Amino acid sequence: MFPMVLATDVWTTTSVNSINSRVTSVNLSLSDCSTIGAPTANFNSLQSVVCINTSLEFEDQSQYGATRSWTFNGGTPSTSNDEKPSVTFNSAGIKNVTLVSTNSAGSNSVTGTVDVESEPSINCTNNNPGSSNIGGIQSFSIANINNSSGGASSNNEYENFACTDIAILEENTNYPFAAQIGNCGPGCNPCELIRIYIDYNGDGDFNDSGELAYTSGGSGLCGIFSNSFTTPQTISPSAKGRILRLRVISDDIFINSPCHDPNSGEVEDYGVYFPEPSTFTTWYRDADNDNFGDINDTQNAQNQPAGYVSDNTDCDDNNPNVNPGAPEVCDDIDNNCVNGIDEGLTATYYLDGDNDG
């Protein structure tokens with residue numbers, strides 16, 4: 001087994017047989033979790049940012065959910081009942097994704113968002129069919145991406161992962177990275193140089209000041225190489241909320257520009273995304289219509305959804321007479337959601353056995 005398993009549904013036959021054999025060899029008594037209590041809807045996706053028409057997989061991670069119903073705003077498909085649906089979006093923008101999880105005890109919903117963007121433009125790609133694939137980039141990792149590309153082929157020295165591997169970065173932050181340079185001979189032959197460029201202003205090239213994010217200089221390397229770089233203190237507002245391009249170049253000769261064609265190496269492009277300040281508000285479910293919401297049932301949206309409010313202080317969203325605006329009465333219920341049950345309405349009395357007052 002690999003020391004780290006990425007999100008995948010592809011397993012070797014040996015692994016599948018080994019796991020199945022282990023499961024059947026022990027005495028398991030597994031209860032039906034969907035009957036324990038009311039569901040709590042939850043899901044995740046491998047990315048929060050994606051290119052137009054690039055497939056994105058979602059996974060239902062609800063607690064106690066027996067069945068599910070997905071709605072994908074602007075997606076194809078637009079709805080699904082699958083546990084792990086794959087969806088594409090054919091237009092740019094913030095897209096709502098809603099999951100409703102249901103069992104015999106009730107239903108619960110959650111809404112999240114995906115930022116769908118155009119693929120970042122670039123003024124040059126690097127492809128020299130006559131060059132050698134020795135010294136190719138076997139893998140590259142930074143922030144939330146860890147891509148094993150396997151290196152270059154002899155007729156293609158350029159690979160584009162800008163829409164499938166997108167690093168979510170912040171301003172003025174130091175980011176470690178690792179690159180595995182492969183197919184090197186004994187004694188680091190050839191010894192590879194490496195450069196990383198990032199189109200920080202999103203103008204389609206890597207020629208602006210500061211866009212050479214890292215260079216190994218004249219020091220050759222082979223195998224796994226790790227270092228770090230720091231992002232600019234300020235990213236232009238026009239470049240935030242967009243997919244920008246990151247370029248990694250390896251070669252056994254000096255790399256003189258971001259449009260360099262490797263002599264013996266490779267070029268790989270990745271995506272980079274600096275989030276812009278959110279324009280979304282968290283809204284809270286108001287099931288009993290008392291204008292006080294449930295902190296555990298939310299939707300994120302720019303506009304107020306029906307049945308949701310901005311308040312999150314209701315301690316019983318199924319009873320319109322219980323909320324922070326209700327008067328406390330002596331009924332063994334926390335009517336006003338403050339300081340417990342029947343506060344201020346009871347007094348403490350002490351036994352006067354000898355009737356002396």
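Keep in mind that what you see is a predicted model, and the values were worked out from it rather than measured.
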Audit row: F72, N96, side-chain contact (heavy atoms from CB on, under 4.5 Å) steps and yes/no: CA-CA 6 Å; F72 303 102; N96 281 352; over 6 Å; no
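- In this structure, CG in D261 is found 9.5 Å from CG in N256, a value given to the nearest 0.5 Å.
- Taking CZ from F292 and OH from Y284, the interatomic distance works out to 14.5 Å, rounded to the nearest 0.5 Å.
- Atom CD of residue E83 and atom CH2 of residue W70 lie 9.0 Å apart, to the nearest 0.5 angstrom.
- Put simply, the side chain of Q180 never gets that close to the backbone of I224: no donor and acceptor are under 3.5 Å apart.
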Passes side-chain hydrogen bond (donor to acceptor under 3.5 Å, both in side chains), T231 versus E170? Steps please. CA-CA 7 Å; T231 54; E170 298 288 342; over 6 Å; no
Full working for side-chain contact (heavy atoms from CB on, under 4.5 Å) between L56 and F58: CA-CA 7 Å; L56 178 60; F58 295 85; 3.7 Å; yes
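- Counting heavy atoms from C-beta on, the side chains of D294 and D314 never come closer than 4.5 Å.
- The two atoms that bring D317 and A287 nearest to each other are OD2-N, 2.6 Å, heavy atoms only.
- Note on I243 and Y270: separate hydrophobic clusters, where clusters join Ile, Leu, Val, Met, Phe, Trp and Tyr whose side-chain heavy atoms are under 4.5 Å apart, directly or indirectly.
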Between T215 and R195, is a side-chain contact (heavy atoms from CB on, under 4.5 Å) present by the stated rule, with each step listed? CA-CA 4 Å; T215 177; R195 279 192 175 190; 3.4 Å; yes
Stepwise side-chain contact (heavy atoms from CB on, under 4.5 Å) test for L99 and D60: CA-CA 8 Å; L99 171 66; D60 180 2; 3.4 Å; yes
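- The OG atom of S238 sits 7.5 Å away from atom CG of N201, with the distance rounded to the nearest 0.5 Å.
- Note: the hydrophobic cluster containing Y214 also contains I235 (ILVMFWY, side chain heavy atoms under 4.5 Å, direct or indirect links).
- Between V50 and V114, the closest side-chain pair of non-hydrogen atoms falls below 4.5 Å.
- The one candidate from D269, D199, D205, D203 that meets the salt bridge (charged side-chain N to carboxylate O under 4.0 Å, His left out) condition with R245 is D269.
- Once rounded to the nearest 0.5 Å, the distance linking CG of D288 with CG of N323 reads 7.0 Å.
- Atom OG in S250 sits 5.0 Å away from atom CD in E192 (nearest 0.5 Å).
- In this structure a side-chain-to-backbone donor-acceptor pair under 3.5 Å is missing from N263 to D252.
- In this structure, R247 forms no cation-pi arrangement with Y197, as its terminal cationic atom is not both closer than 6.0 Å to the ring centre and no more than 45° off the ring axis.
- Under the 4.5 Å side-chain criterion, counting only non-hydrogen atoms from C-beta, V267 is in contact with P262.
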